[in-house]
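None of the values given here were measured: they were computed from a predicted structure.
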Amino acid sequence: MAIAWSEKASSMEVLAMPPPLSPPVILTQDELKKIAAYKAVEYVESGMILGLGTGSTAKHAVDRIGELLRQGKLKNIVGIPTSKQTQEQALSLGIPLSDLDNHPTVDLAIDGADEVDPHLNLIKGRGGSLLREKMVEGACKKFVCIVDESKLVKHLGGSGLAMPVEVVPFCWKFTANKLRDVLEDSGCVARLRKDCKGEAFVSDNGNYIVDLYLEKEMGDLRVASDAILRIAGVVEHGMFLDMATTVIVAGELGITIKT
């Protein structure tokens with residue numbers, strides 16, 4: 001499982017599942033996501049201001065919060081969604097919503113991640129909501145990240161998949177070239193994200209997303225973060241450094257909680 005990966009984490013709790021009966025049940029990735037999401041919702045208490053994440057894993061958490069509200073097990077919850085998609089989902093479930101203007105301090109945020117490194121740094125934003133996610137999760141007292149074990153990496157970018165950067169549409173090629181140059185030592189390839197119609201993907205904020213693919217580690221992540229954010233045209237990047245207070249990992253052998 002993920003024990004070796006997590007040796008550097010400051011705290012770890014493994015909640016083992018009972019030994020399976022024969023034949024063993026093989027859980028799907030979505031089932032693992034649901035297990036992690038339901039565990040995260042155990043941190044939710046009545047009266048909380050909640051950051052509601054975006055994506056396939058966070059969707060399960062939002063569904064569960066809505067279910068507990070209907071059952072009367074949670075009361076006086078106010079959700080702050082991190083995307084239009086999550087806003088629509090929450091409204092359909094009867095979850096009261098607000099925003100950071102009215103609630104600048106968030107008690108708890110629950111969201112997924114695309115990658116988690118041994119220091120609990122994250123890559124997020126492959127769903128396109130990284131800016132709003134970072135705003136909400138940066139304002140919260142506690143950020144619980146929920147993933148299945150496939151999201152664990154030795155270093156950010158280690159999956160070989162995209163590290164998203166939100167950029168303004170104006171001269172996006174210029175910005176993409178600057179991003180590639182900044183991470184040249186990491187073997188960076190920069191590509192504009194496209195939608196299902198082959199057009200430029202447009203975020204909820206009206207921006208484009210340039211996906212960075214890295215062959216090597218970025219080195220000092222804070223140095224890389226600062227260099228990216230100094231590029232004119234960059235709005236935000238998908239590295240969430242030192243933000244997750246708890247990471248819940250669902251695997252075939254059970255739930256691992258890292259803080």
Side-chain angles (χ1 to χ4, degrees), residues 37 40-41 43-44 48-59 61-62 65 77-91 95-117 120-147 151 156 162-170 172 175 179 193 201-212 221-222 224-248:
V41 175
Y43 289 84
V44 178
M48 279 187 166
I49 308 299
L50 293 178
L52 305 177
T54 298
S56 57
T57 308
K59 182 179 184 299
V62 177
I65 292 166
I77 293 296
V78 175
I80 300 181
T82 56
S83 67
K84 293 179 180 178
Q85 178 184 17
T86 300
Q87 178 180 354
E88 292 172 359
Q89 179 194 4
L91 288 174
I95 300 175
L97 298 181
S98 187
D99 55 35
L100 291 176
D101 289 338
N102 291 291
H103 298 280
T105 301
V106 180
D107 294 307
L108 170 69
I110 299 175
D111 204 354
D114 300 305
E115 292 185 6
V116 183
D117 79 3
L120 308 189
N121 295 312
L122 317 173
I123 283 182
K124 292 172 52 56
R126 290 180 190 154
S129 301
L130 61 132
L131 176 58
R132 297 190 186 190
E133 288 172 342
K134 189 168 282 189
M135 291 178 68
V136 173
E137 287 147 20
C140 66
K141 298 176 183 177
K142 187 178 184 67
F143 171 24
V144 178
C145 179
I146 46 179
V147 295
K151 302 301 190 296
L156 294 191
M163 199 278 276
V165 180
E166 187 159 344
V167 305
V168 297
F170 175 73
W172 69 264
T175 307
L179 287 166
R193 183 176 300 184
F201 174 90
V202 179
S203 74
D204 285 349
N205 317 297
N207 296 315
Y208 290 172
I209 289 181
V210 173
D211 287 322
L212 306 183
L221 296 178
R222 292 203 169 276
S225 170
D226 291 344
I228 290 171
L229 292 175
R230 282 198 300 268
I231 297 172
V234 167
V235 178
E236 188 53 86
H237 60 66
M239 287 188 285
F240 285 52
L241 308 180
D242 299 322
M243 291 181 64
T245 55
T246 303
V247 175
I248 298 176

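Using a 4.5 Å heavy-atom threshold, the side chains of M135 and T82 count as separate. Between I228 and L179, the closest side-chain pair of non-hydrogen atoms falls below 4.5 Å. Looking only at side-chain heavy atoms (C-beta outward), P164 and R126 come within less than 4.5 Å of each other. Between L52 and I65, some side-chain heavy-atom pair lies under the 4.5 Å cut-off. Using a 4.5 Å cut-off on side-chain heavy atoms (C-beta onward), V202 and N207 make no contact.
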Requested in this report: Please test R222 against D242 for salt bridge (charged side-chain N to carboxylate O under 4.0 Å, His left out), starting from the C-alpha separation and ending with a verdict.
Outcome: CA-CA 10 Å; R222 292 203 169 276; D242 299 322; 2.5 Å; yes
**Report entry** side chain to side chain contact (heavy atoms under 4.5 Å, CB included) between V106 and I80, intermediate numbers included
**Finding:** CA-CA 8 Å; V106 180; I80 300 181; 3.9 Å; yes
Requested in this report: Go through the steps to decide whether V234 and V165 satisfy the test side chain to side chain contact (heavy atoms under 4.5 Å, CB included), and finish with yes or no.
Outcome: CA-CA 7 Å; V234 167; V165 180; 3.9 Å; yes
Report task. Check the pair V235, N205 against side chain to side chain contact (heavy atoms under 4.5 Å, CB included), reporting the backbone distance first and the verdict last. Result -> CA-CA 10 Å; V235 178; N205 317 297; over 6 Å; no
Report task. Go through the steps to decide whether K141 and D107 satisfy the test salt bridge (charged side-chain N to carboxylate O under 4.0 Å, His left out), and finish with yes or no. Result -> CA-CA 5 Å; K141 298 176 183 177; D107 294 307; 3.5 Å; yes
Query raised in the report: Could you go step by step and tell me if V210 and R193 meet the side chain to side chain contact (heavy atoms under 4.5 Å, CB included) rule?
Result: CA-CA 6 Å; V210 173; R193 183 176 300 184; over 6 Å; no
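Put simply, CG on L122 and NZ on K151 are 12.5 Å apart, with the number rounded to the nearest 0.5 Å. One distance of note links CD1 of I110 with CD of E137; it measures 10.5 Å at 0.5 Å rounding. Once rounded to the nearest 0.5 Å, the distance linking CD1 of I209 with OG of S203 reads 6.0 Å. Note: T57 OG1 to I248 CD1 = 11.5 Å, rounded to the nearest 0.5 Å. Note that the CZ atom of R132 and the CG atom of L100 stand 10.5 Å from one another [nearest 0.5 Å]. For the atom pair CG (D117) and CE (M239), the distance works out to 11.0 Å, reported to the nearest 0.5 Å.
Classification of E166 and K134 as a salt-bridged pair fails, no side-chain N sitting under 4.0 Å from a carboxylate O.
Panel note: side chain Q89, backbone K59; a donor-acceptor pair is recorded below 3.5 Å. Of the possible polar contacts, none joining the D204 side chain to the S83 backbone as a donor-acceptor pair under 3.5 Å is found.
Of all the heavy atoms in A109 and C140, the pair that sits closest is CB-SG, 3.9 Å. Closest approach of S98 to H103, counting heavy atoms only: OG-CD2, 3.1 Å. Listed here is the closest heavy atom pair of I146 and A61: CD1-CB, 4.2 Å. Closest approach of A58 to D111, counting heavy atoms only: CB-OD1, 3.6 Å. For the residue pair A139 and P104, the shortest heavy atom distance occurs at CB-O, 3.5 Å. Nearest heavy atom pair, residue I123 against residue A162, reads CG2-O, 3.9 Å.
Using modelled atom types and a 3.5 Å distance limit, the side chains of K142 and T246 yield a donor-acceptor pair.
Under the side chain to side chain contact (heavy atoms under 4.5 Å, CB included) rule, V62 has a single partner from T86, T54, L50, V41, which is T86.
Aromatic ring orientation, W172 versus Y208: perpendicular (interplanar angle above 60°, classes split at 30° and 60°).
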